[in-house]
Amino acid sequence: MTRYSSVLDLIGSTPVVDISSLSPKPNVSILAKLEGRNPAGSVKDRIAYSMILAAEAEGRLIPGAPDQVLLEPSSGNTGIALAMVCRLRGYHLKVVLPTNVSPERRQLLVAWGAEIIDSPGAEGSNGGVRLARELAEEHPEWVFLYQYANENNPLAHYRTTGPEILADVPEITHFVAGLGTSGTLMGVGRYLKEHKPDVQIWAIEPPSGEMVDGLRNLDDGYVPPIFVSNHGAELLDRKVVVRPKESIEWARRLTEVGLFTGISAGAIMSGAVKCAMQIPDDQTATIVTIVCDDGWKYLSTGAWSDDIDEVVERAKKIIYF
Amino acid sequence: MTAVLRIPTVLRPAVHGQTTVEIVGTTVGEVLTNLVAVYPTLEGQVLDADGALHRFLNVYVNDDDVRYIGGLNAPVADGDDITLLPAVAGGAA
């Protein structure tokens, strides 16, 4: 076994596993990149470390110096990843967290020593972003990495996730990932298009459920600045929305290939299956999907154990994607 | 062609609280123009002054975002499911 000097060195280089037995078509292979293998448990380890390293390089953060505070809006995984890195680097992290995230996410943040600032659950991630931006203006002394607008978010994927995928799956024809901050899609998408222009980039829109009910009007909407700066509308080839029920069904089906994944991976897998269905019978294709995290943080949703319709109703009120 | 439109909460007051409405049209552009004609308080909330899709509105035909399948020219078939969703900060961010 390789010996590492820091847990931070374990970020990235995640394995890819062939899950084609779940493909609806024999001519389409599906491979999953297991980002839950990152040390803090999700794909967000990559961007958390990347954003902090960049802030340190810029002198905005100094490892070991006292009283350094970071602020970040997060519905879970970025906060957890940042909290782990901050713990190792000696920074104090404040996470603006909607009240309706799964309790495991809240507990993990506490475990890593982060401070939680509640934002209204009914306003979803949008409300968290809005509150964090207000707090950042009030406290310019806090370091606001702001994953939605930080170019080191897509850059982490351009430099690591993208090259890893192309090295492990050179025959890739389609990349399918979830659209949150858009960092994964922008970074991996740009890398793949530069090195293999024919690769199709598919975005899976999270099932928004009732969490968008807090919008007062359409102008409260939000498009991540990194989606705009990376020309997301041109980079993506397709964008499909996935329903909560499909997400949970596919999270369950992923156990058939031995994968206990988060519900977002179920949503993305559902999108990958829709993608596979569009491949003509006389063509072959290789789809790579992202498993953002494992299922542990979602056990309280009953996603694998309860009646699926009850789970779907519950899931509409909880941010789990 | 008659499509079934799913209306997001934020736009429901303009359609008298309905969660779905049926609107005729052969393209997404036609359907949305007809939607605004039937419910005039939606003026400016679906299409902007230039006739383009509102920046913070995503429109899906059978779950496919129309911006990537022909935009307002995307064809609509009888019984198609058209979902309107606000663009929000989402994901496990």
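Side-chain contact between B:Thr83 and A:Val241 is absent, with no heavy atoms from C-beta onward closer than 4.5 Å. Taking the side chain as every heavy atom from C-beta outward, B:Tyr68 and A:Asp237 never approach each other to under 4.5 Å.
With sequence neighbours excluded, the residues satisfying side chain to side chain donor-acceptor pair (under 3.5 Å) with A:Asn153 are A:Thr181. Under the rule for a side chain to side chain donor-acceptor pair (under 3.5 Å), the partners of A:Ser300 that lie at least two apart in sequence or sit in another chain are A:Glu104. Residues that satisfy the salt bridge (charged side-chain N to carboxylate O under 4.0 Å, His left out) test with A:Lys239, not counting sequence neighbours, are A:Glu205, B:Asp65.
Annotation: A:Arg37, atom CZ; neighbour count of heavy atoms from other residues, nucleotides and ligands within 6.0 Å does not exceed 12.
Within residues 30-63 of chain B, the residues having any heavy atom less than 4.5 Å from a heavy atom of chain A are, in residue-number order, B:Gln45, B:His54, B:Arg55, B:Phe56, B:Leu57, B:Asn58, B:Tyr60, B:Asp63.
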